[in-house]
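A short write-up of the structure that comes next.
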Amino acid sequence: MLDARYVTDHLDDVRAALARRGPGAAALLDDVASLAVSRRSLIGSLDALRARKNEVSASLAKLDKKGAEFLEARDAMKRVGEETRVLEVQLAEVEAQLEDKLLHIPNMPHESAPDGTSEHDNRVVRVWGEKPVLEGTVRDHVALGEALGILDFERGVKLSGTRFTVLRGHGARLERALMAFMLDIHSNEHGYEEIWPPVLVKDTAARGTSQLPKFAKDMFKVERFEEGEGARTLYLAPTAEVPVTNLHADEILEGAALPVAYTAYTACFRSEAGSHGRDTRGLIRQHQFDKVELVRFVTPESALAEHERLTAHAEVILQRLGLHHRTIELCAGDLGFASRKTFDLEVWLPGQDAYREISSCSWFGDFQARRAKIRFRREAGAKPELVHTINGSGLAIGRTLVAILEQGQRPDGTVTIPEALVPYMGGVHTITPRR
RNA sequence: GGAGAGCUGGCCGAGUGGUCGAAGGCGCUUGAUUCGAAAUCAAGAGUGCCCGCAAGGGUACCAAGGGUUCGAAUCCCUUGCUCUCCUCCA
């Protein structure tokens with residue numbers, strides 16, 4: 001979230017920055033400044049009252065507990081106590097309101113993010129490779145996968161409903177191979193520490209990365225059966241970003257340790273509320289999918305360069321797989337809620353005759369760090385500062401599998417496995433129909 | 001699931017209603033000493049918020065939340081977590 005004090009002191013700037021996201025975003029600021037002001041004045045009065053209470057209480061300790069002086073002062077303090085309680089309630093109320101407003105305000109787009117209102121205004125930054133020349137009928141991954149017997153959509157639906165898929169044989173193997181391939185490159189070559197986190201997370205973690213409170217409907221909520229009072233609600237992480245970023249929630253990192261870089265494979269769960277009817281066919285938009293994530297905790301001054309670096313790390317995967325793709329930068333109007341600047345990698349899918357997002361690499365400034373209280377100290381004794389967080393998919397595995405099928409298809413319906421992946425596939429070079 | 005013990009500052013650990021933000025030790029920082037180091041001695045170190053240009057001042061924080069009280073790390077309640085033993089399980 002944004003800093004209330006910064007918003008109050010730079011109201012016009014913040015308003016202008018948020019306006020770049022489109023109409024509406026800036027309007028959310030209206031009450032923040034006034035709430036922040038009344039919060040400060042309440043704290044002022046409250047602290048003064050408490051100071052007096054502390055002072056008098058200390059002197060009371062030395063008095064004869066039955067003396068008239070003691071009794072009189074005690075009664076006076078009783079009234080001060082009540083007054084304090086009233087102010088405390090008011091303050092709690094104001095702070096709750098302020099917090100609620102702030103949690104719903106999106107991040108300010110960075111000045112380098114291009115202007116624009118929708119995905120049509122996104123800017124192509126670079127293109128890698130070119131569209132493969134495919135002989136014969138171009139098929140999409142659904143047709144290919146079903147014919148090869150590696151994608152079983154029907155049984156996915158039977159087990160779990162729409163947007164769930166069963167991978168089998170070389171399909172399942174490919175999914176596993178991609179996981180290991182990506183993790184190996186990021187941990188061995190790019191210097192990321194491999195993490196294996198829980199995927200059921202507390203609401204506090206989801207709040208830290210900003211899925212909550214605003215995007216609760218996009219997640220699966222898990223309740224423990226029975227339990228009564230102690231019942232706990234957990235959320236299925238929609239991305240490893242949530243557990244991995246929150247690894248350092250409420251911590252102060254040593255400046256020398258930055259950048260801290262983690263990579264993690266997790267299954268990801270999205271309820272996809274509000275996307276009914278979109279991408280209903282195939283693997284593109286599932287309730288459960290696999291992804292390898294990259295997360296970096298960095299200093300503010302290195303953030304822009306670090307963002308480029310992380311994006312490049314994700315691009316390497318597509319390059320090693322020989323998959324034609326392009327990198328685009330999102331315009332201000334298309335940025336995610338928490339992001340200041342985002343590069344998307346879009347892979348070419350011949351079956352759809354379109355480029356589709358396969359990775360989204362975002363720089364969040366201190367937006368997540370403020371929510372999750374992730375700080376660093378430049379040197380011993382220095383004041384703690386908020387870190388900057390950056391993350392991106394490196395990559396979405398299901399969509400990578402789709403791209404391999406569609407870009408690697410041959411006229412006879414078989415699929416060529418990218419050379420780099422062959423060792424991970426147990427030496428298999430080509431996926432051919434089962435039996 | 002059952003029984004018990006506990007949760008204090010970076011760590012260990014005192015503390016049982018008033019001067020406790022908290023003894024002591026370890027660790028850390030800075031000085032002194034030393035050719036340098038070790039040892040020793042001295043001083044200093046928490047985090048948030050509010051006021052202040054600053055120096056500095058105020059306030060809150062002893063797992064979390066509530067309560068009792070003029071006053072709570074200390075008493076009461078609720079929740080969470082940790083540990084030990086049993087049970088169960090992968």
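The sequence lines fix the lettering, A, B, ..., with proteins before strands; numbering per chain opens at 1. Just so we're clear, the structure is a prediction, and the values are computed from it rather than from any experiment. What's counted below: heavy atoms across the whole structure, side chains too, no hydrogens, waters or symmetry copies.
We find that CZ of A:Arg74 is positioned 15 Å from C1' of B:rG18, with the value rounded to whole Å. The distance between atom CE of A:Met77 and atom C1' of B:rG71, rounded to the nearest whole Å, is 11 Å. In this structure, the CZ atom of A:Arg52 is 12 Å from the C1' atom of B:rC70, given to the nearest Å. At whole-Å resolution of the value, CG in A:Asp250 and P in B:rA64 are 12 Å apart. The separation between A:Glu55 atom CD and B:rG18 atom C1' is 15 Å, rounded to whole Å. Across the protein-nucleic acid pair, A:Glu88 atom CD and B:rG67 atom P stand 9 Å apart, rounded to whole Å. Atom-to-atom, CD of A:Glu82 to P of B:rU68 comes out at 11 Å; the value is rounded to the nearest Å.
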Contacts under 3.5 Å, N or O only, protein and nucleotides 43-47 of chain B:
from: B:rU47; atom 1: OP1; to: A:Arg377; atom 2: NH1; distance (Å): 2.7
from: B:rU47; atom 1: O3'; to: A:Arg375; atom 2: NH1; distance (Å): 3.0

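Stacking of A:Arg296 on the aromatic ring of A:Tyr192 is recorded, both the 6.0 Å distance cut-off and the 45° axial limit being met.
Comparing the C1' positions of B:rC62 and B:rG17 gives an interatomic distance of 15 Å, to the nearest angstrom. Atom name P, nucleotides B:rG24 and B:rA43: the rounded distance is 12 Å, in whole Å. Separation of the C1' atoms belonging to B:rU87 and B:rC28 is 46 Å when rounded to the nearest angstrom. Taking atom P on both nucleotides, B:rC12 is separated from B:rA60 by 27 Å, rounded to a whole Å. Rounded to whole Å, the separation between the P atoms of B:rC35 and B:rC20 comes to 43 Å.
With a glycosidic angle no further than 90° from 0, B:rA45 counts as syn.
When the nearest nucleotides of RNA chain B are assigned to A:Ser57 and A:Arg40 by heavy-atom distance, the more 5′-ward of the two goes with A:Ser57. Heavy-atom nearest nucleotides on RNA chain B were determined for A:Glu95 and for A:Leu60, and the one closer to the 5' end corresponds to A:Glu95.
B:rG9 makes up no base pair with any nucleotide shown, lacking Watson-Crick or G-U wobble contacts both under 3.5 Å. As the counterpart of B:rA22, no nucleotide is assigned, since no Watson-Crick or G-U wobble pattern has both distances under 3.5 Å. Summarising the base pairing, B:rG27 is matched to no nucleotide, lacking a Watson-Crick or G-U wobble pair whose two defining distances lie under 3.5 Å. Pairing for B:rG17 is absent, with no Watson-Crick or G-U wobble pair whose two atom distances lie under 3.5 Å. Using N1 to N3 plus N6-O4 or O6-N4 for Watson-Crick, or N1-O2 and O6-N3 for G-U wobble, each under 3.5 Å, B:rC85 pairs with B:rG2.
The aromatic rings of A:Phe215 and A:Phe337 sit perpendicular to each other, their planes meeting at more than 60°, with 30° as the lower class boundary. Ring planes of A:Phe153 and A:His141: perpendicular class, angle over 60° (limits at 30 and 60°). Classification of the A:His190-A:His313 ring pair by plane angle, with boundaries at 30° and 60°, yields parallel.
Here A:Ala58 lies out of heavy-atom contact (under 4.0 Å) with every strand. A:Asn54 comes within 4.0 angstrom of the backbone, heavy atoms only, and of no base.
Closest contact between the side chain of A:Arg5 and the listed nucleotides B:rA60, B:rG58, B:rC51 involves B:rC51.
When the side-chain nitrogen and oxygen atoms of A:Arg39 are compared with OP1 and OP2 of B:rC49, none of them lie within a distance under 4.0 Å.
Between A:Glu241 and A:Thr209, the side chains place no donor N or O within less than 3.5 Å of an acceptor N or O (distance only, hydrogens not considered). Defined by atom type and a distance below 3.5 Å, a donor-acceptor pair is missing between the side-chain atoms of A:Asp203 and A:Tyr235. Using modelled atom types, one finds a donor on one side chain and an acceptor on the other under 3.5 Å when comparing A:Lys341 with A:Ser112. Of the N and O atoms on the side chains of A:Thr266 and A:Glu293, not one donor lies less than 3.5 Å from an acceptor on the other residue.
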